[in-house]
Protein chains: 2
Amino acid sequence: MKAKETVDALGALAHDTRLEAFRLLVQKGPDGLPAGMIAEKLGIPPSSLTFHLQQLAHAGLVTQRRVSRQLFYAADFAAMNGLVAYLTENCCGGETACGPVCEPVKIAIKSQPKRRSA
Amino acid sequence: MKAKETVDALGALAHDTRLEAFRLLVQKGPDGLPAGMIAEKLGIPPSSLTFHLQQLAHAGLVTQRRVSRQLFYAADFAAMNGLVAYLTENCCGGETACGPVCEPVKIAIKSQPKRRSA
DNA sequence: AACGCAATTCGATATTTCTTGAAATATCGT
DNA sequence: ACGATATTTCAAGAAATATCGAATTGCGTT
């Protein structure tokens, strides 16, 4: 049943608004942001935002925690990494003769100086 | 316009049949597989397969090459890695104080012994 | 308890995506 | 050129997803 979860996660990310929201949260780190601030940054009405955050949450890509009146959302980094792992699993059949095509791109670059190019 | 391309790629992968097809191709390596064989393995009619492969191709995730009467499809590993990079870009704002949450999972495991568990 | 603020649920509409048979195109062998 | 094989294109109905205003719930303050 891993495939189904993965499809959910990919589908959750496959949308302008949600991708933007998710990336915002990835860049914000474990503390996350309150829904209202996300809605404001994305320029969409609250009810629309809720709809999209729920898809991300249902897919396990973001977590939710209440702080007083606000609901903070944060990226779930383990889920994100799990998703990536699933996509690339057993690349080239695990053959060592595969060449450099399976080489990872060093995802998630905390040790590097800021780079915004990709 | 990088966001739009990413949404396309994620959308292309966010479907049962297409995810299965893509993973099949990832595991098959650079040589890929002819359309007919993919359709057979997935158990779907040819016209349906074409529809899905086109989405993957349009998103740049697979390439196409003709060999006699057959059309071979293969995963585009650079595109896949670019997608992952975009998702995780500037994780935690690039702060070194972020902790282990941005740590990559060592995607693409070509040095492991064969495992077919998924 | 009453008020205000933050966010969600509901509902109805609009839009997009999926599916697959039938017909068309491309390539090969004879 | 003809027939067979491999795959794509077309069309249109079916299914899933997106949008957002109005009403509602949860929480804190007075």
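Naming convention: chains lettered A, B, ... in sequence-line order (proteins, then strands); numbering from 1 in each chain.
- Of the options B:K28, B:Q64, B:R65, a side-chain hydrogen bond (donor to acceptor under 3.5 Å, both in side chains) to B:Y73 is made by B:Q64 and by none of the others.
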Could you pull out all donor-acceptor pairs under 3.5 Å where a side-chain atom in residues 44-52 of chain B meets a protein atom, sequence neighbours excluded?
residue: B:T50; atom: OG1; partner: B:P46; partner atom: O; Å: 3.3
residue: B:H52; atom: ND1; partner: B:R18; partner atom: NH1; Å: 3.0

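- Within 4.0 Å (heavy atoms only), A:P46 reaches at least one base atom of the nucleic acid.
- A sub-4.0 Å separation between OP1 or OP2 of C:dA6 and a side-chain N or O of A:Y73 is absent.
- For A:S47, the side-chain atoms get nearest to D:dG21 when compared with the rest of D:dT7, D:dG21, C:dA6.
- Atom CG of B:L24 sits about 11.0 Å away from atom CG of B:L19, to the nearest 0.5 Å.
- Sorted by residue number, the members of residues 50-58 of chain B with any non-hydrogen atom under 4.0 Å from DNA chain C read B:F51, B:H52, B:Q55.
- Sorted by first then second residue, the ring pair (Phe, Tyr, Trp, His ring centres under 6.0 Å) pairs that include residues 16-44 of chain A, not counting sequence neighbours, number zero.
- Remark: A:R66 is not in phosphate contact with C:dA7, judged by side-chain N or O atoms under 4.0 Å from OP1 or OP2.
- To the nearest angstrom, C1' of C:dT27 lies 16 Å from CZ of B:R65.
- Listed pair B:S68 / C:dT27 fails the phosphate criterion, with no side-chain N or O lying under 4.0 Å from OP1 or OP2.
- Contact annotation: A:Q64 reaches the phosphate of C:dT8 (side-chain N/O to OP1 or OP2, under 4.0 Å).
- Within the 4.0 Å cut-off from OP1 or OP2 of C:dG29, not a single side-chain nitrogen or oxygen of B:R69 is found.
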